[in-house]
Amino acid sequence: MGILEKIAEIEREISRTQKNKATEYHLGLLKAKLAKYRAQLLEPSKSSGAKGEGFDVMKSGDARVALIGFPSVGKSTFLSLMTSTESEAASYEFTTLTCIPGVIEYKGANIQLLDLPGIIEGAAQGKGRGRQVIAVARTADVVIMMLDATKGEVQRELLEKELESVGIRLNCPKPNIYFKPKKGGGLSYNSTVPLTHCSEKLVQLILHEYKIFNAEVLFREDSTPDEFIDVIVGNRVYMPCLYVYNKVDQISIEEVDRLAHRPNSVVISCGMKLNLDFLLEQLWEYLALICIYTKKRGGKFFLVLKNSHLGGFNPKTVVLNLFDSKFKYALVWVRSFFI
């Protein structure tokens, strides 16, 4: 039985299994096996396959944004509108067959925008050029998921499932779990909060599935078995995602209002150039870039720094960047400044 068949069989068993206290250990083991098989599927083949056009694009600018979506949702049109790069757009599917980069100049920062080929259902298993597209998306600072507003929620759910299966976690923080394998001593299991999803027995079973018998585990939050598996695997990518619904000029005003009020969502129309300014403002917030000015606001800025969504703004980083650039002195004002 191949890896794809094993994955499909485990997914069917998980869907058939009723979730309750009696089956939580069985479900935890199934999810651990599923994560292992998916990781094997993403590993590059040792045998030399057919050589084709690569997706490698040199990272440039102050941040990188990846455009992901199904074919014919308006990604190429969006790239042409927001940058000086012309990406071929047509009414038929798969117009874009490789990665096309462009640059958005906004508030003095250069934001690299990547127009990726449309992916299809099953991309994580290698259908179409899904693996290459997803590999590039993992290197981005923000993902823009371009959706066709006339298709409802179907595209969003399918794309979220594809990205989830390859270890891309959208709009969620990294689990606050300390995990460290040891050479001996068995399992050291502790938690600083009451746990409702995981137990010591379940943690031990999941670790045994990965051939780990000696480790330190400390839960600092009430995490799920899926989140604990993510920590064990260690190759998950946590990034912000902006859901952009295009073609809103083709749906009712009530549907536009409903989509616009969904979390992390923006409604636009590339055809009528509607709401693109607001999208840029939202993108700037999601990128969390900070412009450092050497004189009054509105003047020429000195550098652009990234402000982590999780770690916040670090004044020490500002000072170090200034002095690395042979800057003589700087005055920095913040509410709380500890270096």
Side-chain angles (χ1 to χ4, degrees), residues 14 19 21 23-36 38-39 42 63 134 137-143 145 160-161 163-243 263-264 285-290 305-317 334-339:
I14 290 175
K19 296 180 181 179
K21 196 71 176 177
T23 61
E24 62 179 7
Y25 301 124
H26 179 60
L27 284 172
L29 283 176
L30 288 176
K31 290 176 179 178
K33 289 180 180 178
L34 184 61
K36 281 179 62 178
R38 282 175 173 170
L42 293 176
I134 291 170
R138 290 174 67 94
T139 67
D141 298 298
V142 170
V143 168
M145 190 179 291
E160 285 178 336
K161 182 180 178 182
L163 297 179
E164 178 85 11
S165 65
V166 295
I168 297 178
R169 304 292 180 256
L170 303 176
N171 296 326
C172 63
K174 187 176 181 179
N176 195 358
I177 303 174
Y178 174 77
F179 169 71
K180 183 180 180 181
K182 301 187 298 183
K183 293 183 178 180
L187 174 64
S188 174
Y189 171 86
N190 290 289
S191 64
T192 59
V193 295
L195 301 180
T196 60
H197 304 290
C198 291
S199 64
E200 184 173 0
K201 181 181 177 181
L202 178 57
V203 167
Q204 194 170 33
L205 288 172
I206 293 174
L207 288 173
H208 287 181
E209 181 64 32
Y210 284 89
K211 310 299 181 186
I212 300 173
F213 303 97
N214 306 287
E216 291 182 27
V217 178
L218 174 62
F219 283 82
R220 297 192 181 99
E221 63 183 10
D222 188 14
S223 302
T224 64
D226 294 303
E227 291 173 330
F228 179 59
I229 292 170
D230 287 347
V231 172
I232 296 173
V233 176
N235 64 348
R236 304 316 193 205
V237 178
Y238 300 85
M239 62 174 61
C241 175
L242 197 56
Y243 301 95
N264 310 303
E285 289 187 15
Y286 275 66
L287 286 170
L289 295 177
I290 299 175
L305 298 178
K306 292 180 182 178
N307 178 23
S308 170
H309 279 268
L310 304 179
F313 176 62
N314 185 3
K316 186 176 181 180
T317 307
V334 291
R335 290 184 179 180
S336 178
F337 186 38
F338 298 98
I339 298 181

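Values reported hereafter were calculated over all heavy atoms of this structure, with side chains retained and with hydrogens, waters and symmetry mates removed.
Nearest heavy-atom pair, I229 versus A35, reported as atom, atom and distance to 0.1 Å: CG2-CB, 3.6 Å. Between P175 and Y238, the shortest heavy-atom distance links the atoms CD-OH, 3.1 Å. Residues G185 and N214 share a closest heavy-atom pair of N-OD1, 3.5 Å.
By the salt bridge (Lys or Arg N to Asp or Glu O under 4.0 Å) test, E216 pairs with no residue at all, sequence neighbours left out. Looking at residues two or more places apart in sequence or on another chain, you find a salt bridge (Lys or Arg N to Asp or Glu O under 4.0 Å) between E164 and R169. Under the rule for a side chain to side chain donor-acceptor pair (under 3.5 Å), N171 has no partner lying at least two apart in sequence or in another chain. E227 meets the salt bridge (Lys or Arg N to Asp or Glu O under 4.0 Å) test with no other residue; sequence neighbours excluded. Checked against salt bridge (Lys or Arg N to Asp or Glu O under 4.0 Å), R236 has the following partners two or more places apart in sequence or in another chain: D230. H197 is linked by a ring pair (Phe, Tyr, Trp, His ring centres under 6.0 Å) to nothing, counting only residues two or more places apart in sequence or in another chain. Every residue two or more places apart in sequence or in another chain that forms a side chain to side chain contact (heavy atoms under 4.5 Å, CB included) with L205 is listed here: Y25, L29, K201. Residues passing the side chain to side chain donor-acceptor pair (under 3.5 Å) test with K33: none are found, sequence neighbours excluded. Applying the ring pair (Phe, Tyr, Trp, His ring centres under 6.0 Å) rule to Y178 yields no partners; only residues at least two apart in sequence or on another chain are considered.
Annotation: the span from I177 atom CD1 to R220 atom CZ amounts to 10.0 Å, rounded to 0.5 Å. Note that CG of L202 is 9.5 Å distant from NZ of K31, once rounded to the nearest 0.5 Å. For the atom pair L163 CG and C241 SG, the distance stands at 7.5 Å (nearest 0.5 Å). Atom CD of E209 sits about 9.0 Å away from atom CG of L30, to the nearest 0.5 Å. Taking CG from N176 and CG from D222, the interatomic distance works out to 12.0 Å, rounded to the nearest 0.5 Å.
The side-chain contact (heavy atoms from CB on, under 4.5 Å) test with V217 is passed by exactly one of L207, V231, I212: L207.
The aromatic rings of F213 and H208 sit tilted relative to each other, their planes meeting at an angle between 30° and 60°.
Within the 4.5 Å cutoff, the side chain of V203 has no heavy atoms near those of the F179 side chain. The side-chain heavy atoms of I168 and R138, taken from C-beta on, include a pair separated by under 4.5 Å.
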In a table with atom names and distances, give each donor-acceptor pair under 3.5 Å that connects a side chain of residues 186-195 to protein atoms at least two apart or in another chain.
residue : atom : partner : partner atom : Å
S191    : OG   : V193    : O            : 3.3
T192    : OG1  : F219    : O            : 3.3

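Using a distance-only test at 3.5 Å, with no hydrogens or angles considered, a donor-acceptor pair links the side chain of Y210 to the main chain of A32.
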